[in-house]
**Q** 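I have a structure here, written as structure tokens, and I will follow up with some questions on it.
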Amino acid sequence: QVQLVESGGGLVQAGGSLRLSCAASGRTSSTYVMGWFRQAPGKDRAFVAAVNWSFGSTAYADSVKGRFTISRDNARNTVYLQMNNLNSEDTAIYYCAARRSRFTSRQSAEFDSWGQGTQVTVSS
């Protein structure tokens, strides 16, 4: 089991930036895929980005491509989500997730561990 703790959420004006962090502890493994999902009020949880812990390959939702960057620091067991040029549609609770597989997935059901979430609010 992997424990995940997110931080870095907050209130930001449209066009601004935030960086989310996700610290992993417990049974961390080089075969994990780490992902970020988000859930806006009244909507389903949606894929945002993922990174392969070993190889560093990344995947992004079309809605954030070019604005968000996912990265990882293996030494710190931490994954980051740099979010630039934010808009009101990015307002959501952001969740970090871990998957015990070398293959990336965009499906929330295929991730094994979840953080508690961090709120991101973008004001227009």
**Q** Are any of the side-chain heavy atoms of Val79 and Trp53 separated by less than 4.5 Å?
**A** yes
**Q** Counting only pairs under 3.5 Å, give me each side-chain donor-acceptor contact of residues 116-124, with atom names and distances, residues two or more places apart or in other chains.
**A**
{"from": "Gln116", "atom 1": "NE2", "to": "Glu6", "atom 2": "O", "distance (Å)": "3.4"}
{"from": "Gln116", "atom 1": "NE2", "to": "Glu6", "atom 2": "OE1", "distance (Å)": "3.4"}
{"from": "Thr118", "atom 1": "OG1", "to": "Gly9", "atom 2": "N", "distance (Å)": "3.2"}
{"from": "Gln119", "atom 1": "NE2", "to": "Ala92", "atom 2": "O", "distance (Å)": "3.4"}
{"from": "Gln119", "atom 1": "NE2", "to": "Thr121", "atom 2": "OG1", "distance (Å)": "3.3"}

**Q** Drop me the distance from Asn52's CG to Ser101's OG, to the nearest 0.5 angstrom.
**A** 8.5 Å
**Q** Using every non-hydrogen atom in the two residues, find where Arg67 and Asn87 come nearest and quote the distance to one decimal.
**A** NH1-ND2, 3.6 Å
**Q** Looking only at heavy atoms, which two atoms of Ala98 and Tyr32 are closest? And how far apart?
**A** CB-CD2, 3.7 Å
**Q** Under the ring pair (Phe, Tyr, Trp, His ring centres under 6.0 Å) test, which residues partner Tyr94, sequence neighbours left out?
**A** none
**Q** State whether Trp114 and Arg45 meet the cation-pi test: NZ (Lys) or CZ (Arg) under 6.0 Å from the six-membered ring centroid, and within 45° of the perpendicular axis.
**A** yes
**Q** Side chains of Glu110 and Ser105: do they bring a donor and an acceptor to under 3.5 Å?
**A** yes
**Q** Taking the six-membered ring of Tyr80 as reference, does the cationic atom of Arg19 (NZ for Lys, CZ for Arg) lie under 6.0 Å from its centre and within 45° of its axis?
**A** yes
**Q** CG of Leu20 to OH of Tyr95: how many Å apart, nearest 0.5 Å?
**A** 13.0 Å
**Q** Of all heavy-atom pairs between Ala50 and Val33, which one has the smallest distance, and what is that distance?
**A** CB-CG1, 4.2 Å
**Q** Grab the two heavy atoms, one from Gln1 and one from Ser113, that are nearest each other, plus how far apart they are.
**A** NE2-OG, 3.8 Å
**Q** Roughly how far, to the nearest 0.5 Å, is OH of Tyr60 from NZ of Lys65?
**A** 10.0 Å
**Q** Does any part of the side chain of Met34, heavy atoms only, come nearer than 4.5 Å to the side chain of Val2, both counted from C-beta?
**A** no
**Q** Is the closest side-chain heavy-atom distance between Ser63 and Glu89 below 4.5 Å?
**A** no
**Q** Is there side-chain contact between Thr69 and Leu81, with heavy atoms separated by less than 4.5 Å?
**A** no
**Q** Between Phe47 and Phe37, is the ring centre distance below 6.0 Å?
**A** yes
**Q** What are the two closest heavy atoms between Arg72 and Ser54, and how far apart are they?
**A** NH2-O, 3.4 Å
**Q** Can you name the closest pair of heavy atoms from Asn84 and Ser17 and give their distance?
**A** OD1-OG, 2.9 Å
**Q** The test is ring-ring contact (aromatic ring centres under 6.0 Å, His included); show your working for Phe68 and Trp36 and say whether it passes.
**A** CA-CA 11 Å; Phe68 290 12; Trp36 287 96; 10.0 Å; no
**Q** Which residues pass the side-chain contact (heavy atoms from CB on, under 4.5 Å) test with Ala23, sequence neighbours left out?
**A** Thr78
